[in-house]
There are 2 protein chains.
Amino acid sequence: MSSSESRERVLDVAEKLFSTYGYATVKLKDIAKALGMRQASLYYHAPGGKEELYLEVMRRNMQRHRQGLEEAIAQADDWQSQLQAVAYWFLSQPPMDFTRMIHSDLRAVHPEHAQHLIHITYEAVLQPIEQIFERCQAAGDIRAVDIKLLTGAFLSLIQAVHSVPQQWTNRSKEEMADEVLDILLHGLTA
Amino acid sequence: MSSSESRERVLDVAEKLFSTYGYATVKLKDIAKALGMRQASLYYHAPGGKEELYLEVMRRNMQRHRQGLEEAIAQADDWQSQLQAVAYWFLSQPPMDFTRMIHSDLRAVHPEHAQHLIHITYEAVLQPIEQIFERCQAAGDIRAVDIKLLTGAFLSLIQAVHSVPQQWTNRSKEEMADEVLDILLHGLTA
DNA sequence: GTTACCTTACCTAATTTTTGTTAGTTATTA
DNA sequence: TAATAACTAACAAAAATTAGGTAAGGTAAC
């Protein structure tokens with residue numbers, strides 16, 4: 001395995017753990033264990049320590065989201081398929097918990113880094129989705145609503161589906177996302 | 001201050017912190033600091049230590065939710081006001097993050113206690129809301145949907161509103177909850 | 001009503017455990 | 001044989017926990 005491949009592997013594992021459990025819950029030991037190595041060996045791949053590893057992981061994560069969302073949106077032709085594509089994209093990725101990130105995880109990092117991460121998060125994930133809704137609204141496809149609120153609601157719904165323990169249901173996450181999306185578009189009373 | 005009053009105060013403070021930041025992020029030092037006492041003094045009020053304090057806090061929390069939801073629902077006459085009352089109830093309480101609780105916080109407690117907490121959570125908060133939707137569905141007020149999924153979606157929407165940093169908006173949480181609820185009921189395309 | 005003695009609600013200081021980090025060593029491989 | 005990618009062991013810092021002390025306030029005995 002090449003150097004950059006094994007570094008990617010470290011970032012992948014760390015990302016999955018940090019995304020699922022949050023910064024404070026995940027110990028370096030957990031990451032090392034998941035990688036099949038000793039805690040100290042992590043410092044070969046991540047010499048900057050835990051906080052810097054978290055930041056690298058999240059920056060790469062946001063980078064990938066920007067790319068993935070852009071492609072997902074570009075390839076869908078109408079706005080409803082765009083929303084579905086975005087939903088499926090998130091379901092294919094490690095869970096992204098904004099609430100925990102903002103209120104909990106980011107308190108562990110230096111304020112300037114936290115601020116920067118919030119900024120790139122906005123550009124990478126919030127903005128692309130806001131733009132879908134803005135285009136919808138301009139075209140008259142959806143009624144007048146607070147776009148930022150709607151974007152937050154949309155994301156929260158997808159992540160709620162994402163976080164349903166697989167053992168609690170016999171449906172696939174995509175099925176559930178479709179149903180939730182349908183409710184969002186046409187309402188409960190339709 | 002009476003003995004039970006000051007104990008309640010400890011539980012109140014611990015609840016707010018645990019609910020907002022999660023189990024691992026909150027250190028006993030943080031709780032002590034918020035109470036204006038030394039870390040070691042916490043052991044006078046919570047001799048069982050951190051894990052047991054967390055469990056007591058969450059059990060009391062669920063107890064209160066059961067009560068509060070029951071009253072909120074009983075006092076509203078139609079189902080739409082019931083949903084609004086439930087939303088407002090949650091906004092009046094410390095945030096409840098199921099995803100974090102299940103995937104993260106509960107990993108720190110003994111499995112049997114975790115199981116029990118999941119159970120009382122279901123009875124105290126999931127069930128009352130499911131019952132609203134079931135009655136709606138039976139009465140034909142809403143169309144056929146997966147009730148458990150709908151309940152999760154509803155809760156996730158409310159908590160998303162609850163977690164919006166007040167500085168990011170000039171609207172009240174109740175306003176935002178009303179708008180989100182309206183979208184849920186009538187859809188984006190209405 | 002003052003002395004003795006409890007209890008309450010903290011405190012400081014020390015200890016233990018967990019977590020993060022550094023140093024120095026070794027096997028593998030390009 | 002030099003770089004890579006691990007390892008063990010030690011160390012440091014943070015977090016949880018325990019031990020033991022004390023000041024304030026109540027209560028019973030004298």
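Keep in mind it's a predicted model, so treat the numbers as computed, not measured. Note on naming: letters A, B, ... go to the chains in the order of the sequence lines (proteins, then strands), and numbering restarts at 1 for each one. Just so you know, these numbers use all the heavy atoms, side chains as well, and skip hydrogens, waters and symmetry mates.
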ask   = Honestly curious: do A:V164 and A:Y88 fall in one hydrophobic cluster under the side-chain, below-4.5 Å linking rule?
value =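 They do not share one cluster, since no chain of ILVMFWY contacts under 4.5 Å joins A:V164 to A:Y88.
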key: Side-chain donor or acceptor of B:H103 paired with backbone N/O of B:T99 under 3.5 Å   =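 Looks like yes, one N/O pair under 3.5 Å.
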Rounded distance in Å - [atom1] ([X]) to [atom2] ([N]):
X: B:H45; N: D:dT17; atom1: NE2; atom2: C1'; result: 16 Å
X: B:L35; N: C:dC11; atom1: CG; atom2: P; result: 10 Å
X: B:Y44; N: C:dT8; atom1: OH; atom2: P; result: 5 Å

ask   = Is A:K50 positioned over the aromatic face of A:F18, cation under 6.0 angstrom from the ring centre and no more than 45 degrees off axis?
value =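 Because its charged atom misses either the 6.0 Å distance or the 45° angle limit, A:K50 does not stack over A:F18.
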Check the interface with nucleotides 21-24 of chain D: list each N/O to N/O pair with the protein under 3.5 Å, or write none.
none

task = Quick one: list whatever passes ring pair (Phe, Tyr, Trp, His ring centres under 6.0 Å) with B:F133, sequence neighbours left out.
result =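 Ring pair (Phe, Tyr, Trp, His ring centres under 6.0 Å) check on B:F133 returns B:F154.
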query = So which nucleotide from C:dA9, C:dC11, D:dA5 ends up closest to the side chain of B:S41?
reply =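 Nearest listed nucleotide: C:dC11.
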key: Test item: A:T169 and A:Q166 side chains (from C-beta on) under 4.5 Å apart, heavy atoms   =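 The answer is yes, as the side chains (C-beta and beyond) meet within the 4.5 Å cut-off.
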key: B/S/- contact track for nucleotides 20-30 of chain C, protein heavy atom under 4.0 Å   = BBB--------
ask   = Is the phosphate of D:dT8, meaning OP1 or OP2, less than 4.0 Å from a side-chain N or O of A:R38?
value =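 For D:dT8, OP1/OP2 do have a side-chain N/O of A:R38 under 4.0 Å.
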query = Only one of A:V125, A:L91, A:I132 forms a side-chain contact (heavy atoms from CB on, under 4.5 Å) with A:V86, so which one is it?
reply =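 Among A:V125, A:L91, A:I132, the one that satisfies the side-chain contact (heavy atoms from CB on, under 4.5 Å) with A:V86 is A:I132.
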request  = Drop me the distance from A:M176's CE to A:E174's CD, to the nearest 0.5 angstrom.
outcome  =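 Nearest 0.5 Å value for the CE-CD distance: 8.5 Å.
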query = Could B:D182 and A:R143 be called an ion pair, given the rule that one side-chain N must be under 4.0 Å from one carboxylate O?
reply =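 Salt bridge flag = yes for A:R143 with B:D182.
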